[in-house]
Student: 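Quick one: this structure, given as structure tokens, is what I'll be asking you about.
Computed over heavy atoms, backbone and side chain alike; hydrogens, waters and symmetry mates excluded. FYI, the numbering just counts along the sequence from 1.
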Amino acid sequence: MNARNLPALLKALADKYENKDFLAADPSQFMHRFSEPVDQELFAFVSAQLAFGRRELFIAKLNLLYEDVVKSGGGSFCLWLLSGAYKKFFPKSQKKFYRFFSLADMNALCGRLAQIAKKSGSLGAAVREAYDNANGPDAADHNAATNFGLAKNSGKSAAIGLAKSPQELRLAAALISLFPEIKCVSQNPKGACKKLHMFLRWMVRRGSPVDLGLWTWASAADLLVPLDTHVLQESARLGLIAPNAPASAKTAIELTKKMAEVFPCDPARADYALFGLGVDEEGS
């Protein structure tokens with residue numbers, strides 16, 4: 001394809017796929033079922049962690065969880081967490097809930113979210129605190145993680161690691177720093193961390209029929225394009241990345257810089273174009 005035509009194609013594809021119809025088969029549909037921002041972001045985080053594998057399978061699991069929140073939490077996911085209702089739905093059992101995540105793994109994830117909600121009021125507030133501390137003058141000495149009941153050494157390690165992260169990865173690293181040793185959450189910001197970057201897209205991008213834009217303190221310009229199989233394949237096919245480029249933060253940064261030329265200050269919008277194109281190619 002002529003490189004001069006590529007930006008126009010990507011913009012047209014983003015316009016085509018970024019609409020309310022996108023929600024029907026996407027895990028982002030669940031956060032739109034809640035009216036309170038605190039519920040939206042907390043359930044969105046869980047939705048993102050389960051968003052891998054066959055869509056119909058993880059969406060079925062999320063539906064089961066949502067139905068229990070309506071039944072046991074009065075429709076508030078935050079209250080469902082804070083009341084401890086998650087302990088009944090996710091007992092500490094090694095029985096698998098979805099793929100390689102056990103019920104105990106989900107219990108640990110929900111327990112951490114409950115702890116964060118109780119301490120900071122919202123996940124967004126906790127991430128903002130960690131992010132601001134990582135970018136402040138005393139970042140290397142700040143123990144962001146100890147606020148969430150972690151061991152002293154573990155917290156110090158997380159804080160220093162966050163402070164030393166490249167600027168492009170700090171938002172994801174701030175998020176990761178709140179979930180040490182939680183199996184459901186990617187622990188290495190230098191990896192692709194597709195699920196975390198997708199969640200951040202949901203939380204940061206504003207003016208979208210899909211993304212919520214709840215975190216007004218963060219900038220869409222700082223987001224990375226989430227790298228899933230479709231995005232990697234289409235990016236390589238269009239010559240945006242090398243054919244053998246791995247799913248890594250380095251690849252995500254490289255692709256995002258190119259997409260910032262097409263979508264100034266909003267490079268993650270390219271996710272709609274590349275993912276949507278990939279799904280269409282797969283179904284054709």
Side-chain angles (χ1 to χ4, degrees), residues 14-15 17-20 22-23 26-49 51 76-79 81-82 112-137 139 142 144 147-148 162-163 165-179 185 189 193-226 252-253 256-257 259-260 262-272:
D15 289 341
Y17 295 114
E18 189 183 7
N19 55 56
K20 289 184 178 180
F22 185 89
L23 296 169
D26 194 71
S28 56
Q29 66 182 270
F30 291 94
M31 63 192 186
H32 286 268
R33 298 184 187 183
F34 297 92
S35 58
E36 294 298 323
V38 66
D39 296 319
Q40 291 176 321
E41 65 175 14
L42 288 168
F43 203 96
F45 190 74
V46 175
S47 298
Q49 305 324 302
S76 169
F77 188 52
C78 186
L79 291 179
L81 291 169
L82 293 175
R112 178 65 67 206
L113 287 172
Q115 194 176 20
I116 290 172
K118 184 176 180 179
K119 169 67 174 59
S120 297
S122 72
L123 178 56
V127 175
R128 181 176 187 177
E129 180 183 6
Y131 181 77
D132 286 349
N133 287 326
N135 286 282
H142 182 77
N147 291 332
F148 300 94
L162 175 55
S165 296
Q167 186 61 42
E168 295 94 340
L169 303 181
R170 289 226 177 148
L171 198 53
L175 187 54
I176 291 171
S177 74
L178 302 178
F179 296 92
V185 181
C193 296
K194 169 257 178 178
K195 296 181 288 184
L196 296 181
H197 290 298
M198 180 178 68
F199 170 75
L200 289 170
R201 195 200 79 210
W202 292 347
M203 294 299 104
V204 175
R205 288 191 71 248
R206 295 182 281 281
S208 170
V210 179
D211 304 320
L212 294 176
L214 298 177
W215 297 0
T216 56
W217 52 270
S219 171
D222 294 329
L223 296 174
L224 292 183
V225 177
I253 291 172
T256 299
K257 286 181 177 178
M259 293 302 91
V262 181
F263 303 101
C265 301
D266 190 17
R269 187 165 191 248
D271 188 23
Y272 289 101

Student: Go through the structure and list residues passing side chain to side chain donor-acceptor pair (under 3.5 Å) with D15, not counting sequence neighbours.
Tutor: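 Only R269 meet the side chain to side chain donor-acceptor pair (under 3.5 Å) criterion with D15.
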Student: Indicate the atoms forming the closest heavy-atom contact of A220 with P267, along with that distance.
Tutor: O-CD, 3.7 Å
Student: Could you tell me the separation between the CZ atom of F77 and the CZ atom of F34, rounded to the nearest 0.5 Å?
Tutor: 7.0 Å
Student: Tell me, please, which residues at least two apart from K257 pass side chain to side chain contact (heavy atoms under 4.5 Å, CB included).
Tutor: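 Checked K257 against side chain to side chain contact (heavy atoms under 4.5 Å, CB included); matches are E168, I253.
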Student: Which heavy-atom pair separates V204 from S219 by the least distance, and what is that distance?
Tutor: CG1-C, 3.6 Å
Student: Rounded to the nearest 0.5 Å, how far does OG of S177 lie from CD of E129?
Tutor: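 Reported to 0.5 Å precision, the distance equals 9.5 Å.
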Student: With distance as the sole test, does N19 use its side chain to make a donor-acceptor pair with the main-chain N or O of F22 at under 3.5 Å?
Tutor: yes
Student: Would you mind reporting whether R112 and L178 have side-chain heavy atoms less than 4.5 Å apart?
Tutor: no
Student: State whether the side chain of K195 and the backbone N or O of Q49 hold a donor-acceptor pair below 3.5 Å, judged by distance alone.
Tutor: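 Flag set: sc K195 to bb Q49 pair under 3.5 Å.
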Student: Sequence neighbours left out, cut at 3.5 Å: what donor-acceptor pairs do the side chains of residues 208-218 make with other protein atoms?
Tutor:
unit_1 : atom_1 : unit_2 : atom_2 : d
S208   : OG     : E18    : OE2    : 2.7
S208   : OG     : V210   : N      : 3.0
S208   : OG     : D211   : N      : 3.1
D211   : OD1    : R201   : NE     : 3.0
D211   : OD1    : R201   : NH2    : 3.2
D211   : OD1    : Y272   : OH     : 3.0
D211   : OD2    : R201   : NE     : 3.4
D211   : OD2    : R205   : NH1    : 2.6
D211   : OD2    : Y272   : OH     : 3.0
W215   : NE1    : E41    : OE1    : 2.8

Student: Working to the nearest 0.5 Å, report the span between CG of L196 and CZ of F179.
Tutor: 9.0 Å
Student: Which atoms form the tightest heavy-atom contact between A126 and S120, and what is the distance?
Tutor: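 Scanning both residues, the minimum pair turns out to be CB-OG, 3.7 Å.
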Student: Could you check, using the six-membered ring where one of them is a Trp, whether F45 and F199 have ring centers closer than 6.0 angstrom?
Tutor: yes
Student: My understanding is that only residues two or more places apart in sequence, or in another chain, count here; which of them pass side chain to side chain donor-acceptor pair (under 3.5 Å) with R206?
Tutor: none
Student: Specify the closest pair of heavy atoms between A44 and W202, including all atoms of both residues, with the distance to one decimal.
Tutor: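 Heavy atoms of A44 and W202 come nearest at O-CZ3, 3.2 Å.
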Student: Looking at every non-hydrogen atom in both residues, tell me the closest pair between F30 and S47 and how far apart they are.
Tutor: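 So the two residues come closest at CB-OG, 3.8 Å.
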Student: Counting N and O atoms only, with roles assigned by atom type, does the side chain of K194 sit under 3.5 Å from a partner on the main chain of A51, one being a donor and the other an acceptor?
Tutor: yes
Student: How far does CG of L223 sit from OG1 of T256, to the nearest 0.5 angstrom?
Tutor: 8.5 Å
Student: Which distance, rounded to the nearest 0.5 Å, do you find between the NZ of K20 and the NE2 of H32?
Tutor: 9.5 Å
Student: Test your reading of the model: is there a side-chain donor-acceptor pair from S28 to the backbone of L23, 3.5 Å cut-off?
Tutor: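 Not at all, since once roles are kept as given, no pair shorter than 3.5 Å links the two residues.
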Student: For L169, run the side chain to side chain contact (heavy atoms under 4.5 Å, CB included) check against D222, I176, L224 and tell me which one passes.
Tutor: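 Considering D222, I176, L224, a side chain to side chain contact (heavy atoms under 4.5 Å, CB included) with L169 is found only for L224.
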Student: Quick one, D39 and L79 - any side-chain contact, counting heavy atoms below 4.5 Å?
Tutor: no
Student: Measure across Q40 and M31 and return the closest heavy-atom pair with its distance rounded to 0.1 Å.
Tutor: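 Heavy atoms only, the tightest pair is CG-O, 3.2 Å.
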Student: If you round to the nearest 0.5 Å, how far is NE2 of H197 from CG of L171?
Tutor: 8.5 Å
